[in-house]
Protein chains: 2
Amino acid sequence: MAQSNGRRTSRRDIYLRLRQLVLTLELAPGAALSENELAASLGVSRTPVRESLILLAQEGLVQVFPKIGSFVSRVDAAQVADAQFLREAVELASLEDLPERLDPEIVEELRDNLERQRRAGPDREEFFTLDELFHRDLMRLSGHGNSWAAVAAAKGHLDRARRLGLHGHESPAVFADQHHEILAAITDGDTPGARARMRDHLRAVFNDIERIRARSPELFASDPATVPVRRSVVVWE
Amino acid sequence: MAQSNGRRTSRRDIYLRLRQLVLTLELAPGAALSENELAASLGVSRTPVRESLILLAQEGLVQVFPKIGSFVSRVDAAQVADAQFLREAVELASLEDLPERLDPEIVEELRDNLERQRRAGPDREEFFTLDELFHRDLMRLSGHGNSWAAVAAAKGHLDRARRLGLHGHESPAVFADQHHEILAAITDGDTPGARARMRDHLRAVFNDIERIRARSPELFASDPATVPVRRSVVVWE
DNA sequence: CGTGCAGAGCTTGTATACAAGCATCTGTCG
DNA sequence: CGACAGATGCTTGTATACAAGCTCTGCACG
């Protein structure tokens with residue numbers, strides 16, 4: 001998932017930082033990004049900023065229009081649905097490959113994680129981090145931890161849509177309960193039950209999105225080739 | 001899947017060209033890539049070459065070691081297995097979403113494709129192109145054509161391993177027959193049958209790889225942090 | 001003959017300069 | 001007052017210069 005090996009480079013820092021800002025919606029969908037502004041703001045030259053934007057563009061999180069400008073891509077309903085399909089397919093298939101004997105270390109991690117999810121309280125961002133780790137660790141149980149990276153790379157649009165959902169009234173506690181039930185079914189060796197609960201959970205997350213879209217249409221891309229507006233300035237720090 | 005919009009840029013050309021060379025094994029796994037050499041060879045400056053390599057690195061097809069060098073990544077058995085799992089999960093799940101009434105246009109395309117697979121003869125590269133299109137069109141049948149891009153992005157290592165396999169004695173005709181059976185089951189409305197044949201097909205492809213690995217271990221990464229050797233020069237044109 | 005050290009020649013990372021093109025603003029004309 | 005045209009300032013794409021660091025060669029020395 002990482003693009004570089006070991007060494008700390010400013011490009012890597014900036015890439016991760018910008019990515020985080022986009023995924024957490026601190027950089028709003030549709031916001032204009034200027035390589036020059038970002039470079040000045042971050043105290044580096046255009047080069048590492050530009051290379052970071054290129055990577056984000058490949059992930060679909062940013063759109064770069066040559067000679068026009070770069071923009072945080074609007075949440076694309078089609079891409080959200082694609083990511084949902086991909087995620088569901090992979091996570092459900094992963095459950096089929098659970099070993100007879102679960103790695104007790106990972107199970108312990110999952111239980112700790114669940115406990116922290118319960119205590120997370122109103123901090124949505126913390127819950128999201130835990131949620132991400134939970135699903136990744138579930139895949140590690142069946143030896144497919146690395147495949148999570150491919151899912152994670154493709155689900156940027158889905159994550160942003162989910163954050164829009166959680167900014168609303170839906171409580172993380174509901175999801176934490178669903179997580180608990182999934183893990184319980186797994187440790188009981190009830191694979192079909194785990195599948196069913198996992199599917200219900202993922203679809204519950206997904207079903208919120210249409211509701212959000214009705215409420216905040218400006219954050220979604222209506223047209224694939226939506227017109228970018230340069231002048232909307234970014235104030236992100 | 002593409003990283004840029006519309007406009008033709010030399011980066012896009014170079015990226016696609018290098019990617020093709022890596023996937024077709026014309027650039028051998030482990031080969032050293034020099035930004036300067038490539039730039040001179042392609043008649044451009046380092047910038048577009050470098051940016052292309054960064055993208056390929058993010059896909060896992062190239063490894064960039066700062067201040068040391070860039071190398072075509074060796075085929076990683078673990079990544080091949082990951083891609084296989086991902087692909088199987090997604091393609092099988094896609095079959096579950098087949099509509100009652102199949103799009104006749106896509107079915108026609110698939111039949112044409114099969115016919116051309118039969119006629120492909122000894123040209124492995126042509127067969128690979130057709131194979132790729134066949135699987136993508138199958139996913140289009142259930143409306144998940146776009147998700148194919150995510151799979152395609154993750155299966156670079158798998159594709160290279162498959163090419164190593166087809167360079168051996170395995171005949172494309174066997175795979176063409178399997179493709180035919182899959183499509184037949186789909187058009188018969190026999191989803192379970194299609195699933196079974198699809199799984200057998202994908203695993204048949206996968207099972208060749210271990211055999212190849214025994215025969216050509218130097219193309220595979222033994223250690224995750226394999227030592228790169230700079231001096232192995234590339235002669236690719 | 002083996003070993004160690006130093007320098008040269010690569011490598012990629014970053015900064016900067018220039019090129020080409022789109023969007024917007026301003027001034028002018030109808 | 002409205003519409004059109006040109007200049008201006010912004011954008012990204014590409015080329016080039018410099019910086020920092022690793023590898024390897026060649027030579028001196030034990």
Side-chain angles (χ1 to χ4, degrees), chain A residues 2-18 27 30-58 61-73 225-234, chain B residues 2-18 27 30-58 61-73 225-234:
Chain A
Q3 77 276 20
S4 207
N5 306 67
R7 283 282 180 300
R8 221 189 63 85
T9 64
S10 76
R11 179 180 83 227
R12 189 177 170 76
D13 290 347
I14 291 169
Y15 164 74
L16 292 173
R17 189 165 171 184
L18 287 178
L27 279 173
L33 301 173
S34 160
E35 293 177 2
N36 283 315
E37 277 184 32
L38 288 173
S41 168
L42 295 165
V44 295
S45 79
R46 267 184 66 204
T47 307
V49 171
R50 171 180 172 76
E51 292 175 351
S52 297
L53 289 181
I54 289 173
L55 288 172
L56 292 170
Q58 171 148 302
L61 295 177
V62 162
Q63 289 177 290
V64 178
F65 298 87
K67 316 300 176 73
I68 297 178
S70 303
F71 306 85
V72 179
S73 56
T226 302
V227 194
V229 181
R230 185 189 285 172
R231 61 177 159 282
S232 63
V233 182
V234 191
Chain B
Q3 79 276 22
S4 207
N5 306 68
R7 283 283 180 298
R8 224 189 62 86
T9 64
S10 74
R11 179 179 84 227
R12 189 177 171 74
D13 291 347
I14 292 168
Y15 165 74
L16 292 173
R17 189 165 170 184
L18 288 178
L27 279 172
L33 301 174
S34 160
E35 293 178 2
N36 282 315
E37 277 184 33
L38 287 173
S41 169
L42 294 166
V44 295
S45 79
R46 267 183 66 202
T47 307
V49 171
R50 171 180 171 75
E51 292 174 350
S52 297
L53 289 181
I54 289 173
L55 288 172
L56 293 171
Q58 172 148 303
L61 295 177
V62 163
Q63 288 177 292
V64 178
F65 298 87
K67 317 298 177 74
I68 298 179
S70 303
F71 305 86
V72 178
S73 56
T226 302
V227 195
V229 182
R230 184 190 286 170
R231 62 177 160 280
S232 63
V233 182
V234 191

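Within every chain, numbering begins at 1; the chains are lettered A, B, ... in the order of the sequence lines, protein sequences first and strands thereafter. Values reported hereafter were calculated over all heavy atoms of this structure, with side chains retained and with hydrogens, waters and symmetry mates removed.
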Next on the checklist: At less than 3.5 Å, do the side-chain atoms of R46(B) and the base atoms of dG13(C) form a donor-acceptor pair?
Outcome noted: yes
Measuring to OP1 and OP2 of [N], would you say a side-chain N or O of [X] lies under 4.0 angstrom away?
X: S45(A); N: dT16(C); value: no
X: T47(A); N: dG13(C); value: no
X: T9(A); N: dT12(C); value: no

Can you tell me the distance, in whole Å, between the [atom1] atom of [X] and the [atom2] atom of [N]?
X: I68(A); N: dT24(C); atom1: CD1; atom2: C1'; answer: 13 Å
X: F65(A); N: dA20(C); atom1: CZ; atom2: C1'; answer: 19 Å
X: K67(B); N: dG21(D); atom1: NZ; atom2: P; answer: 6 Å
X: L33(B); N: dT12(C); atom1: CG; atom2: C1'; answer: 13 Å
X: L38(A); N: dC10(D); atom1: CG; atom2: C1'; answer: 15 Å
X: I14(B); N: dA15(D); atom1: CD1; atom2: C1'; answer: 12 Å
X: R50(A); N: dG13(D); atom1: CZ; atom2: P; answer: 4 Å
X: N36(B); N: dC18(D); atom1: CG; atom2: P; answer: 15 Å

Checklist entry - Out of dG13(D), dT11(C), dT14(C), which has the shortest distance to the side chain of E37(B)? => result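 Closest nucleotide among those given: dT11(C).
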Next on the checklist: Nearest 0.5 angstrom please: E51(A) CD to R12(A) CZ, how far?
Outcome noted: 14.0 Å
Item to check | Check against side chain to side chain contact (heavy atoms under 4.5 Å, CB included), V49(B) and L42(B) | outcome: CA-CA 9 Å; V49(B) 171; L42(B) 294 166; 4.3 Å; yes
Checklist entry - Donor-acceptor pair, S73(B) side chain versus L61(B) backbone, under 3.5 Å? => result yes
Next on the checklist: Among V62(B), V72(B), L55(B), L27(B), exactly one meets side chain to side chain contact (heavy atoms under 4.5 Å, CB included) together with L18(B). Which residue is that?
Outcome noted: L27(B)
